[in-house]
Amino acid sequence: MRLMFLGTAAAEGVPAVFCNCPTCLNAKAKGGRDVRTRSQILIDDDTLFDFPMDTYMHMLRYKLDLSAVKRVFITHSHMDHCYPQEFCMRGGPFAKNLAEEKVEVYGNSKVCDMFKSDTAREIRPAVQEGIDLKVLRPYDEITSGDMRIIALPASHTVGEECLVYYLERGGIGVLLMNDTGILDEAVYNRLAKMRVNVKLVALDCTYGALRHGAGRHMGLYDIVDQKSVMAQTGVITDDTVVIATHFSHNTDLDYDGISALAAKYDITVAYDGMIVDI
């Protein structure tokens with residue numbers, strides 16, 4: 001399984017669109033891995049995890065054929081994870097010679113309702129026929145093609161069943177946890193009972209080198225704690241790759257600084273364009 005981290009930022013991006021804090025000014029000046037677009041992961045060229053407003057730029061930057069994507073998993077309805085208007089272009093006259101006739105889009109009920117309402121004014125019937133919306137709830141387990149999927153409850157927005165996902169192909173699994181705070185140990189216990197094989201876990205690190213504690217996001221030290229809980233419950237092993245992603249500008253460390261700190265805990269810091277083969 002190959003994962004490409006197309007974007008690794010939180011909602012505002014880094015540098016943030018209107019910000020002049022030291023982190024943002026440094027990112028503008030240095031460029032490279034200190035510049036982060038909104039979070040999105042491409043798996044094996046046929047599966048997308050989240051669909052932010054930066055998807056078009058990701059397609060340009062990495063020369064992607066997004067018409068070949070068979071399925072999209074959306075965590076929740078915030079625009080940096082769910083920007084459905086782009087799907088209005090998935091068909092004539094805006095797109096021709098699609099590699100895949102249909103695409104499956106998965107999300108909670110609010111994501112699916114938002115998808116319908118935000119595309120209603122412009123989507124053409126023929127385009128709509130090629131998009132299969134599917135509602136998932138926490139602990140739903142499904143199969144799509146050769147991929148096994150388990151939806152899990154995120155700790156994020158009150159009033160919405162935000163999700164994180166376990167995705168498995170060929171017996172190899174990844175646990176993708178963008179935009180979530182600390183999960184209860186019961187979630188990991190239940191996941192472990194579902195006979196998963198987590199070879200890679202990517203976790204929210206919105207607050208960088210800071211500890212966020214209880215709330216909607218995590219920082220590096222929260223990831224360290226969650227890593228320990230996942231190991232104790234049997235979700236991960238010593239061989240599991242642990243990655244920090246989904247960074248905001250609310251940290252005083254640049255990419256090099258947080259990477260050096262994370263390395264002490266055997267955690268890899270993601271950057272835009274990073275590819276991981278597992």
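In this chain, residues are counted from 1 in sequence order. Since the model is a prediction, treat every value here as computed from it, not as a measurement.
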J.: Rounded to the nearest 0.5 Å, how far apart are SG of C19 and CG of L25?
T.: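 Reported value, rounded in 0.5 Å steps: 7.5 Å.
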J.: Of the non-hydrogen atoms in S77 and V111, which two are nearest, and what is the gap between them?
T.: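 Closest pair (atom of S77, atom of V111, distance): N-CG2, 3.7 Å.
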J.: With a 4.5 Å limit on heavy-atom distance, are the side chains of F5 and L42 in contact?
T.: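 A side-chain contact under 4.5 Å is absent here.
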J.: Does any part of the side chain of M230, heavy atoms only, come nearer than 4.5 Å to the side chain of V198, both counted from C-beta?
T.: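 Side-chain contact under 4.5 Å: no.
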J.: Between D44 and R169, does any side-chain N to carboxylate O distance fall below 4.0 Å?
T.: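 Answer for the salt bridge query: yes.
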J.: Ignoring hydrogens and geometry beyond distance, is a side-chain donor-acceptor pair present between D179 and H76 at under 3.5 Å?
T.: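 Looking only at side-chain atoms, H76 and D179 do form a donor-acceptor pair, the distance falling under 3.5 Å.
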J.: I'd like to know whether OH of Y62 has more than 12 heavy-atom contacts from other residues, nucleotides or ligands below 6.0 angstrom.
T.: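 Check passes, neighbour count above 12.
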J.: Would you say M79 has more than 12 foreign heavy atoms packed within less than 6.0 Å of its CE?
T.: no
J.: Can you check whether M4 reaches I275 side chain to side chain, under 4.5 Å on heavy atoms?
T.: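 In short, these two side chains touch, coming nearer than 4.5 Å.
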J.: For the pair V103 and V72, evaluate side-chain contact (heavy atoms from CB on, under 4.5 Å) and give the outcome as yes or no after the intermediate values.
T.: CA-CA 8 Å; V103 61; V72 180; 4.1 Å; yes
J.: Could you tell me which non-hydrogen atom of P153 sits nearest to which non-hydrogen atom of V164, and how far apart they are?
T.: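 Taking every non-hydrogen atom into account, O-CG2, 4.5 Å.
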J.: Decide whether V14 and M53 are clustered together by the hydrophobic rule: side chain heavy atoms of Ile, Leu, Val, Met, Phe, Trp, Tyr closer than 4.5 Å, transitively.
T.: no
J.: Name the one of R190, R148, R195 that satisfies salt bridge (Lys or Arg N to Asp or Glu O under 4.0 Å) with E141?
T.: R148
J.: Kindly write out the residues that satisfy side-chain hydrogen bond (donor to acceptor under 3.5 Å, both in side chains) with Q40, not counting sequence neighbours, or none if the list is empty.
T.: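 Testing Q40 for side-chain hydrogen bond (donor to acceptor under 3.5 Å, both in side chains), a comparison that skips the adjacent residues, returns T55, H58.
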J.: Pair T233, N189 - check side-chain hydrogen bond (donor to acceptor under 3.5 Å, both in side chains), show working.
T.: CA-CA 6 Å; T233 55; N189 281 325; 4.8 Å; no
J.: Rounded to the nearest 0.5 Å, what's the gap from CG on D222 to NZ on K227? Could you check?
T.: 14.5 Å
J.: Side chains of R71 and D46, heavy atoms from C-beta outward: is any pair under 4.5 Å?
T.: yes
J.: Show me the pairs that pass side chain to side chain donor-acceptor pair (under 3.5 Å) and involve residues 112-123, at least two apart or across chains.
T.: none
J.: Quick one: side-chain hydrogen bond (donor to acceptor under 3.5 Å, both in side chains) partners of D225, sequence neighbours excluded?
T.: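 By the side-chain hydrogen bond (donor to acceptor under 3.5 Å, both in side chains) rule, D225 matches R211.
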J.: Is there a path of hydrophobic side-chain contacts, each under 4.5 Å between heavy atoms, that joins V242 and V187?
T.: yes
J.: Can you tell me how far apart CD1 (I43) and CE (M147) are? Round to the nearest 0.5 Å.
T.: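 Nearest 0.5 Å value for the CD1-CE distance: 5.0 Å.
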J.: To the nearest 0.5 angstrom, please state how far the CD1 atom of I278 sits from the CG atom of L3.
T.: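 Here the interatomic distance stands at 5.5 Å.
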J.: Honestly curious: do F49 and V69 fall in one hydrophobic cluster under the side-chain, below-4.5 Å linking rule?
T.: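 No, F49 does not connect to V69 through the hydrophobic network.
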J.: For G171, is there any backbone N or O sitting under 3.5 Å from a side-chain donor or acceptor partner on N197?
T.: yes
J.: Working to the nearest 0.5 angstrom, can you tell me the gap between Q226 CD and L203 CG?
T.: 7.0 Å
J.: Does L152 reach the side chain of L163, with side-chain heavy atoms less than 4.5 Å apart?
T.: no
J.: With a 3.5 Å distance limit and no angle check, can you tell me whether D50 reaches the backbone of T75 through a side-chain donor-acceptor pair?
T.: yes
J.: What heavy-atom pair brings A27 and V35 nearest, and what distance separates the two atoms?
T.: O-CG2, 3.5 Å
J.: Which is it for T157 and H78 under the side-chain contact (heavy atoms from CB on, under 4.5 Å) test, yes or no, and what are the steps along the way?
T.: CA-CA 9 Å; T157 301; H78 290 171; 3.2 Å; yes
J.: What closest approach, in Å, do T251 and S248 show between heavy atoms, and which atom pair accounts for it?
T.: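 Result for this residue pair: CG2-O, 4.0 Å.
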J.: So, are R38 and D54 salt-bridged, with charged N and O less than 4.0 Å apart?
T.: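 Looking at R38 and D54, the cut-off is met.
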J.: Taking the basic N atoms (NZ, or NE/NH1/NH2) and the acidic carboxylate oxygens, is any pair closer than 4.0 Å for D272 and R33?
T.: no
J.: Atom CG in L167, atom CD1 in I150: separation rounded to 0.5 Å?
T.: 9.5 Å
J.: Would you say the side chains of T237 and D239 form a donor-acceptor pair under 3.5 Å?
T.: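 No - no donor-acceptor pair under 3.5 Å links their side chains.
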J.: Give the cluster check for I142 versus V105: same hydrophobic cluster or not, with ILVMFWY residues linked at side-chain heavy-atom distances below 4.5 Å.
T.: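 No; V105 is not reachable from I142 via cluster members.
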J.: Could you walk me through whether H246 and N178 pass the side-chain hydrogen bond (donor to acceptor under 3.5 Å, both in side chains) check?
T.: CA-CA 6 Å; H246 195 279; N178 282 0; 5.8 Å; no
J.: Distance-only criterion, 3.5 Å: show the donor-acceptor pairs between side-chain atoms of residues 132-140 and protein atoms not counting sequence neighbours.
T.:
unit_1 : atom_1 : unit_2 : atom_2 : d
D132   : OD2    : K134   : NZ     : 3.2
R137   : NE     : E161   : OE1    : 2.9
R137   : NE     : E161   : OE2    : 3.3
R137   : NH2    : E161   : OE2    : 2.4
D140   : OD2    : R137   : N      : 2.7

J.: How far apart are the C-alpha atoms of T8 and R36, what are their side-chain angles, what is the distance that settles it, and do they pass the side-chain hydrogen bond (donor to acceptor under 3.5 Å, both in side chains) test?
T.: CA-CA 6 Å; T8 57; R36 299 181 182 273; 2.7 Å; yes
J.: Yes or no on side-chain contact (heavy atoms from CB on, under 4.5 Å) for Y271 and Y255, after CA distance, side-chain angles and deciding distance?
T.: CA-CA 8 Å; Y271 57 86; Y255 171 81; 3.6 Å; yes
J.: Does the plane of the ring in H212 sit parallel, tilted or perpendicular to the ring in H217? Use 30° and 60° as the thresholds.
T.: tilted
J.: Counting only N and O atoms by type, is there a donor-acceptor contact under 3.5 Å from the side chain of H156 to the main-chain atoms of R216?
T.: yes
J.: Between E168 and M1, which heavy-atom pair has the shortest distance, and what is it?
T.: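 Nearest heavy atoms, E168 then M1: C-CE, 4.2 Å.
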J.: If you look at every heavy atom in M274 and T268, which pair is closest and at what distance?
T.: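 Result for this residue pair: SD-CG2, 4.2 Å.
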J.: Is any side-chain heavy atom of R61 closer than 4.5 Å to one of L6?
T.: no
J.: A side-chain contact here means heavy atoms from C-beta on lying under 4.5 Å apart; do T143 and I149 qualify?
T.: no
J.: Got a sec, which residues hit ring-ring contact (aromatic ring centres under 6.0 Å, His included) with F73, two or more places apart in sequence or on another chain?
T.: Y106, Y165
J.: Keeping the roles fixed (side chain from D254, backbone from G257), state whether a donor-acceptor pair exists under 3.5 Å.
T.: yes
J.: Quick one: do I131 and M59 end up in the same hydrophobic cluster if we chain Ile, Leu, Val, Met, Phe, Trp and Tyr together by side-chain heavy atoms under 4.5 Å apart?
T.: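 Linked, I131 and M59 end up in one cluster.
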J.: Is it the case that the side chain of K28 and the backbone of T23 share a donor-acceptor pair, with hydrogens and angles ignored and the cut-off at 3.5 Å?
T.: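 Checked: no pair found.
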J.: Which side-chain N or O atoms in residues 83-101 pair as donor and acceptor under 3.5 Å with protein atoms at least two apart or in another chain?
T.:
unit_1 : atom_1 : unit_2 : atom_2 : d
R90    : NH1    : E101   : O      : 3.2
R90    : NH2    : E100   : O      : 2.8

J.: Salt bridge check: are E104 and K70 linked by an N-O gap of less than 4.0 Å?
T.: no
J.: Dump the intermediate steps for side-chain contact (heavy atoms from CB on, under 4.5 Å) on L48 and I41, then the final yes or no.
T.: CA-CA 6 Å; L48 277 175; I41 299 172; over 6 Å; no
J.: Indicate yes or no: at least one non-hydrogen side-chain atom of C82 is less than 4.5 angstrom from one of M114.
T.: yes
